[in-house]
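Each remark here refers to the structure printed beneath this line.
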Amino acid sequence: MEQVGSLARRYGLDILILVAAVESALEVALRTDAPAAPTSAEWFAVPAIGVVVLPLLFRRRFPFAAPAALWLLAAALSFVDGRLVVFTAGAYLAGMVASFLLGNLRDERQARFGLAVVAGGAAIVVYNDPSHAPGEFVFIPLVFVLVWVAGFAVRSRAAHAEAAEQRAVHAEHERETAARIAVAEERARIARELHDIVAHAVSVMVLQVGAVRHKLPDAQREDRDALSHVEQAGRAALTEMRRLLDAMRADGEDAELAPQPGLDRVDALIGEVGRAGLPVHLHVEGEPFALPRGIDISAYRILQEGLTNALKHANASRADVELRYDPDELRIEVRDDGDGAGRNQANGVGYGLVGIRERVKVYGGEMSAGRARDGGFVLTTRLPVRGYTR
C-alpha cells in the first residue's frame with residue numbers, strides 16, 4: 001500500500017494529464033454535431049487537441065518550457081480553429097494546471113514571463129473564439145491569471161519556509177560550533193588549573209628527593225645516584241609541563257600568579273556577589289573537611305559560575321547556596337528566584353553550564369540544572385571524594 005501511495009503521489013498528475021488529453025480528443029471526436037463544435041476536420045482536430053495538453057508530461061525536465069508550450073500551442077491552434085481549444089473541459093483544466101506551474105517556478109524572472117504567456121495566450125484564445133462574449137475577453141484571462149497568482153503564492157511560501165529552515169540549520173550549526181569552542185576552552189582552563197596542582201606536588205617530591213639525597217653518606221653512593229636520576233626526571237617533567245601550559249595559554253594571556261581559589265574563599269565570593277546586588281544565603285550541612293585540591297578548585301568555580309549566572313542573566317533578587325559534606329561526596333546546590341534567562345550563555349570567566357558540566361565530568365560526578373517547581377532556577381552538582389586522602 002505504501003508503494004502504491006508513493007507511485008500515486010509521483011505520477012498522479014501525469015495520469016490526470018493523460019486523462020485530460022484523452023477526454024479532449026474523445027469529446028472532439030464524439031460531439032462533432034454540437035452547436036459550438038470545432039469547424040476543422042476531425043482528422044486534424046482530434047490529435048491537435050491532444051498535442052496541446054501533452055507537453056505538461058515533460059514539466060519535470062522542462063519546468064518553464066512545458067507549461068509555456070501548452071499556452072503557445074493553444075494560442076497558435078486558435079488561429080486555425082477558434083472553437084477547438086475552448087470546446088473541451090480537459091483543455092480548460094490543462095490550461096489551469098499550466099498557469100499554476102508557471103506561477104510556481106523557482107526562478108522569479110521565468111515566473112513573471114510565464115504570467116505574460118498565460119495572460120497573452122488566454123486573451124488570444126478568447127479573441128479567436130467566434131462565439132465569445134465581450135466580458136469573457138477580460139474574465140477568462142483573469143481566471144487563469146488568478147491561478148498563476150495562486151502558484152506564485154505557494155512558491156513564495158515554500159521559498160520562505162526553505163529559507164527559514166536553512167537559517168535554523170545555520171543557527172544550529174553555529175550553536176554547535178560555539179559549544180565545541182566553549183568546551184575546548186573550558187577544558188584547557190581546567191587543564192591549566194590541574195597543572196598548578198600537579199606541578200606543586202611534583203615540585204615537593206623533587207625537593208624532598210633532593211633533601212634525602214644530600215643526607216645520604218658516601219657509602220650509599222648508588223642510592224644517591226638513583227635519587228639524583230629521580231630528581232633530574234622530576235625537574236624535566238616540570239619543564240615539560242611548563243612548556244605544555246604555555247602552549248595551552250591563549251595569545252596575550254598572562255600566567256596566573258595568585259593561588260587558585262578554593263572553598264575557603266566562599267565567604268569572600270558571597271560578599272562580592274552581595275555587593276554587586278544579589279543577596280546570597282549560605283547553608284552548610286555536614287562537617288567540612290579538607291578536599292583534594294582539584295575538587296576544591298572545581299567546587300569554587302561551580303559556585304562562582306552559578307552565582308554569576310544568577311546575578312547577570314536570571315534577573316534574580318536573591319540566591320541560596322547549599323554545601324553538603326557527605327563521607328563520599330560533596331553536593332553543591334545554587335538556587336535563585338529569577339527567570340532562568342541566558343543560562344547557556346558564556347559569561348565572565350566561565351562558559352555557563354558548559355564549563356560546570358566539564359568540571360563535573362572530570363571527577364565522574366553528576367549535574368542537573370533547570371527550573372524549579374516553585375519558580376526560579378536550580379543548579380545541583382555532585383562531586384565524589386571517595387578514595388581521596390583527606
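- Annotation for S24 and V53: closest pair OG-CG2, 4.5 Å, computed over non-hydrogen atoms.
- The two residues W71 and S99 make their nearest non-hydrogen contact at NE1-OG, 3.4 Å.
- Side-chain contact check for H173 versus T177: some heavy-atom pair is nearer than 4.5 Å.
- Linking Ile, Leu, Val, Met, Phe, Trp and Tyr residues whenever their side-chain heavy atoms come within less than 4.5 Å places V46 and W43 in a single cluster.
- A centroid separation of less than 6.0 Å is found between the aromatic rings of Y92 and F144.
- Residues V85 and S78 come closest through the heavy atom pair CG2-N, 4.4 Å.
- A111 approaches W148 most closely through the heavy-atom pair O-NE1, 3.0 Å.
- Residues passing the side chain to side chain donor-acceptor pair (under 3.5 Å) test with E23: none are found, sequence neighbours excluded.
- Put simply, the side chain of D336 gets close to the backbone of G338: a donor and an acceptor are under 3.5 Å apart.
- For the atom pair L105 CG and R155 CZ, the distance stands at 8.5 Å (nearest 0.5 Å).
- With rounding to the nearest 0.5 angstrom, the CG atom of N104 is 9.0 Å from the OG atom of S156.
- Hydrophobic clustering keeps L146 apart from V117 (ILVMFWY residues linked when any side-chain heavy atoms are closer than 4.5 Å, directly or through intermediates).
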Should R265 and E272 be marked as a salt bridge (Lys or Arg N to Asp or Glu O under 4.0 Å) after you check the CA-CA gap, both sets of side-chain angles, and the distance that decides it?
CA-CA 11 Å; R265 290 200 69 250; E272 293 172 3; 3.5 Å; yes
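- For N128 (side chain) and G82 (main-chain N/O), no donor-acceptor pair under 3.5 Å exists by modelled atom type.
- Not a single donor-acceptor pair under 3.5 Å links the side chain of Q110 to the backbone N or O of D107.
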Applying side-chain contact (heavy atoms from CB on, under 4.5 Å), run through F377 and N309 and close with a yes or a no.
CA-CA 10 Å; F377 194 87; N309 277 347; over 6 Å; no
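- Ring orientation note: the planes of F64 and F113 are tilted relative to one another, at an angle of 30° to 60°.
- A salt bridge links R106 to E162: one of the charged nitrogens lies within less than 4.0 Å of a carboxylate oxygen.
- Considering all non-hydrogen atoms of both residues, T308 and Q304 come closest at OG1-O, 2.6 Å.
- Both tests do not hold together for R83 against F87: distance to the six-membered ring centre under 6.0 Å, angle to the ring axis within 45°.
- Looking only at side-chain heavy atoms (C-beta outward), L115 and L102 stay at 4.5 Å or farther from each other.
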Apply salt bridge (Lys or Arg N to Asp or Glu O under 4.0 Å) to residues D14 and R60 and explain how you reach the verdict.
CA-CA 11 Å; D14 297 283; R60 294 188 182 90; 3.0 Å; yes
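- Within a 6.0 Å sphere centred on CD of E222, other residues, nucleotides and ligands contribute 12 heavy atoms or fewer.
- Contact of the L323 side chain with the L303 side chain is registered, since non-hydrogen atoms from C-beta on lie closer than 4.5 Å.
- Residues L77 and V125 have side chains not in contact (no heavy-atom distance under 4.5 Å, counting atoms from C-beta outward).
- Both V145 and V154 belong to a single network of hydrophobic side chains, linked directly or stepwise wherever heavy atoms of I, L, V, M, F, W or Y lie under 4.5 Å apart.
- Rounding to the nearest 0.5 Å gives a distance of 15.5 Å between OH of Y127 and CD1 of I140.
- Looking at heavy atoms from C-beta onward, R331 lies in side-chain contact with D326 at the 4.5 angstrom threshold.
- Two residues are said to be in side-chain contact when any heavy atoms from C-beta on lie closer than 4.5 Å; E287 and Y325 fail this criterion.
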Go through it in stages, so that I can follow the logic: the residues are E322 and R324, the test is salt bridge (Lys or Arg N to Asp or Glu O under 4.0 Å), and I'd like the CA-CA distance, side-chain angles, deciding distance and then a yes or no.
CA-CA 6 Å; E322 179 179 306; R324 181 186 301 173; 3.2 Å; yes
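- Proximity of a side-chain donor or acceptor of D337 to a complementary backbone N or O of S317 within less than 3.5 Å is detected.
- Closest heavy-atom contact between L70 and A98: CD2-CB, 4.0 Å.
- Counting heavy atoms of neighbouring residues, nucleotides and ligands inside a 6.0 Å radius, atom CD of E174 exceeds 12 of them.
- Side-chain contact between V360 and I302 is present, with heavy atoms from C-beta onward closer than 4.5 Å.
- Cluster membership check: L142 does not share its hydrophobic cluster with M96, using side-chain heavy-atom separations under 4.5 Å among Ile, Leu, Val, Met, Phe, Trp and Tyr.
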Kindly indicate, with the supporting measurements, whether the criterion salt bridge (Lys or Arg N to Asp or Glu O under 4.0 Å) is fulfilled by E333 and R335.
CA-CA 6 Å; E333 179 180 289; R335 179 189 296 267; 3.6 Å; yes
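- I295 places none of its side-chain heavy atoms less than 4.5 Å from the side chain of S298.
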Would V206 and V209 count as a side-chain contact (heavy atoms from CB on, under 4.5 Å) here? Give the steps.
CA-CA 5 Å; V206 169; V209 168; 5.8 Å; no
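- Clustering ILVMFWY residues whenever any of their side-chain heavy atoms sit less than 4.5 angstrom apart, transitively, puts F79 in a cluster other than the one holding I49.
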